[in-house]
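Counting convention: from 1, in listed order, for ligands and their atoms alike. Keep in mind that what you see is a predicted model, and the values were worked out from it rather than measured.
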Amino acid sequence: MPSPAPENQILIIGGGIAGLSLASALAGHTGVVLLEAEAVLGYHTSSRSARQLIPSYGPAPVQDLTLRTLALIREMEAELPQPILTPRSFLLVGGEEDVRDQASGHMHPITMAEAAGLAPELDAGSFEAAGLDTTSVSCDTGRLMDWHRARIESSGGRILTSRRVEAAERTAAGDWRVTAAGEQFAAATVVNAAGAWADGIAQLFGVRPRRLQPYRRTAAIVEAANPPAPDGPMVASALETFYYRPDSGGVLVSPSEAVPSGPEDARHRPEDIDALIALVNSVTSLGLGEVRRAWTGLRTEAPDGLPVVGFDDAVPGFFWLAGQGGYGFQTSSGIAELAAAQLLGTQPPVDVSASLSPARPEV
Ligand SMILES: Cc1cc2nc3c(=O)[nH]c(=O)nc-3n(C[C@H](O)[C@H](O)[C@H](O)COP(=O)(O)OP(=O)(O)OC[C@H]3O[C@@H](n4cnc5c(N)ncnc54)[C@H](O)[C@@H]3O)c2cc1C
C-alpha cells in the first residue's frame, strides 16, 4: 500500500501509553505511523507502572484529565468481554497537615478508626490522619494498550517497532524527513512521545528542550505472611515514603522514590527494596518477605510537574506529548483526546491546553 502524502501523515515517536493513546485517537482521521525504538511496545515506563488511576492525585489539570480518561476507558470497556478497570479505593495516611494538604477533589478525610477498618493491617498508632478516595481504580494496563493497538491497526494506522529515530531534517517543501533504523519516513507533523528521551528527540529536530527530567521509581511484588484482603485499598504514606496494594496474591509495594536519572533502561537496586520492606513491616502487620519480582521505571517531569502537550511555539510541525510523570496512565486518554483535537483543529471536551502548553513560562 503506498504511503499517504506527507501532509496527510502524522509520525509519532514512542510506543508507550502516550504514543499509543494518541495514535488510537487519531487513527481513522488522518494517516498515522508510530515508530518505537524497542522490539516491543511499552518496554520502558509503560510496562513498569503501579497501574492505579486516582482521581484525587495531582494538580487540577491532571485531575480533570484523569476523570475524562476514566470516562473514555469506560466507553472502551463496553466493547470488551472483560473490564479494564477494577474498583480499588486509595487510602492516604500520615500527619494531620500532610494529609490535609493532599485531601482534595475526590479525597475526603476519614478517622484513623475508619482507616483501620478498611486496612486492618495498618498500625493505626503510626499515623495521625487519613483520607480516602473511593473513586480510584486499578487498571489492566496491558488490556488498555492492546485495545489501542487493535484500534490503530483496524483503522489503517501503522505501528513499527525496532525503529529508533536517529536523524531528522526538513525537506525543501517544509516537511520532515525522519530516519529510523536506516529507513526514511516523511510527515508534515512529528509528535514527540518519547518519554524519558523526549528532550533528546527535541534536540534531534532542532527544538528547544523543555528541562524534562526523568526520575527513578521502583516497585516490587512481595510475598506477605499476612496478606491484605484482595479487595483492600491501595495505601500510601502522605510523605511519599511508601505505598502498597494487594496484587497477584502478594503485595505490590513501592518506596515512592523520585531520584533523578538520565534516560536509560532503569534497573532496581535490591538495597532499596530491603529498606522498603523493613519500613512497611514497621507500620503494618503484613509481614513482607520474599521478593517475587522488582523493577524500576522513569517518571519524566517538567519543572512545574505538568505534562507538556501541544505544538512547539518556535518550530512548526513539531508537537510535544511528554512529561506525564506519575500520571501517564490516569491521564492517557484525556491527553490523547486533547492532543488529537489540537492536531486535527477541533475542540476537545476537556480543554486544559493552556496549562500544558510548551509555550508556558515554566518550561
Ligand atoms: C514505578 C512506577 C509506578 C507508576 N505508577 C503509575 C500509576 O499507578 N498510574 C499512572 O497513571 N502512572 C503511573 N506511572 C507513570 C506512567 O507509567 C508513565 O507516566 C507512563 O508510562 C509514561 O508513558 P510514555 O508513553 O510517556 O513513556 P514510555 O512508556 O517510556 O514510552 C516512551 C517510548 O519512547 C520510545 N523512544 C525513546 N526514544 C525513541 C527514539 N529515538 N525512537 C523511537 N522511539 C523512542 C521508548 O523506547 C519508549 O518505549 C508509574 C511509573 C513508575 C515508574
| Asp313/Arg210 salt bridge by N-O under 4.0 Å criterion | yes
| task | Report the relative orientation of the aromatic rings in Trp176 and Phe205; use parallel for angles under 30°, tilted for 30 to 60°, perpendicular for over 60°. | result | perpendicular
| task | Please say whether the positively charged group of Arg48, taken as NZ for Lys or CZ for Arg, lies over the ring of Tyr43, i.e. under 6.0 angstrom from the six-membered ring centre and within 45 degrees of the axis. | result | yes
Does ligand 1 have any N/O atom under 3.5 Å from a protein N/O, and what are those pairs and their distances?
unit_1	atom_1	unit_2	atom_2	d
ligand 1	5 (N)	Ala50	N	2.9
ligand 1	8 (O)	Arg51	N	3.3
ligand 1	8 (O)	Gln52	N	3.0
ligand 1	8 (O)	Gln52	O	3.1
ligand 1	9 (N)	Gln52	O	2.9
ligand 1	11 (O)	Phe329	N	2.9
ligand 1	11 (O)	Gln330	N	2.8
ligand 1	12 (N)	Gly326	O	3.1
ligand 1	19 (O)	Gly325	O	2.7
ligand 1	19 (O)	Gly328	N	3.0
ligand 1	21 (O)	Ser46	N	3.4
ligand 1	21 (O)	Ser46	OG	2.9
ligand 1	23 (O)	Ser46	OG	3.2
ligand 1	25 (O)	Ile17	N	3.2
ligand 1	25 (O)	Ala18	N	3.1
ligand 1	29 (O)	Ser46	N	3.0
ligand 1	29 (O)	Ser46	OG	2.5
ligand 1	30 (O)	Thr45	N	3.4
ligand 1	41 (N)	Val165	O	3.1
ligand 1	42 (N)	Val165	N	2.8
ligand 1	44 (N)	Ala37	N	3.1
ligand 1	47 (O)	Glu36	OE2	2.6
ligand 1	49 (O)	Glu36	OE1	2.7
ligand 1	49 (O)	Glu36	OE2	3.1

| task | Indicate yes or no: at least one non-hydrogen side-chain atom of Phe242 is less than 4.5 angstrom from one of Pro255. | result | no
| said: Are Tyr244 and Ile221 connected into the same hydrophobic cluster when the rule is that any two of I, L, V, M, F, W, Y join if their side-chain heavy atoms are below 4.5 Å apart? | reply: no
| query | Between Glu36 and Arg164, is there a salt bridge with N-O shorter than 4.0 Å? | reply | no
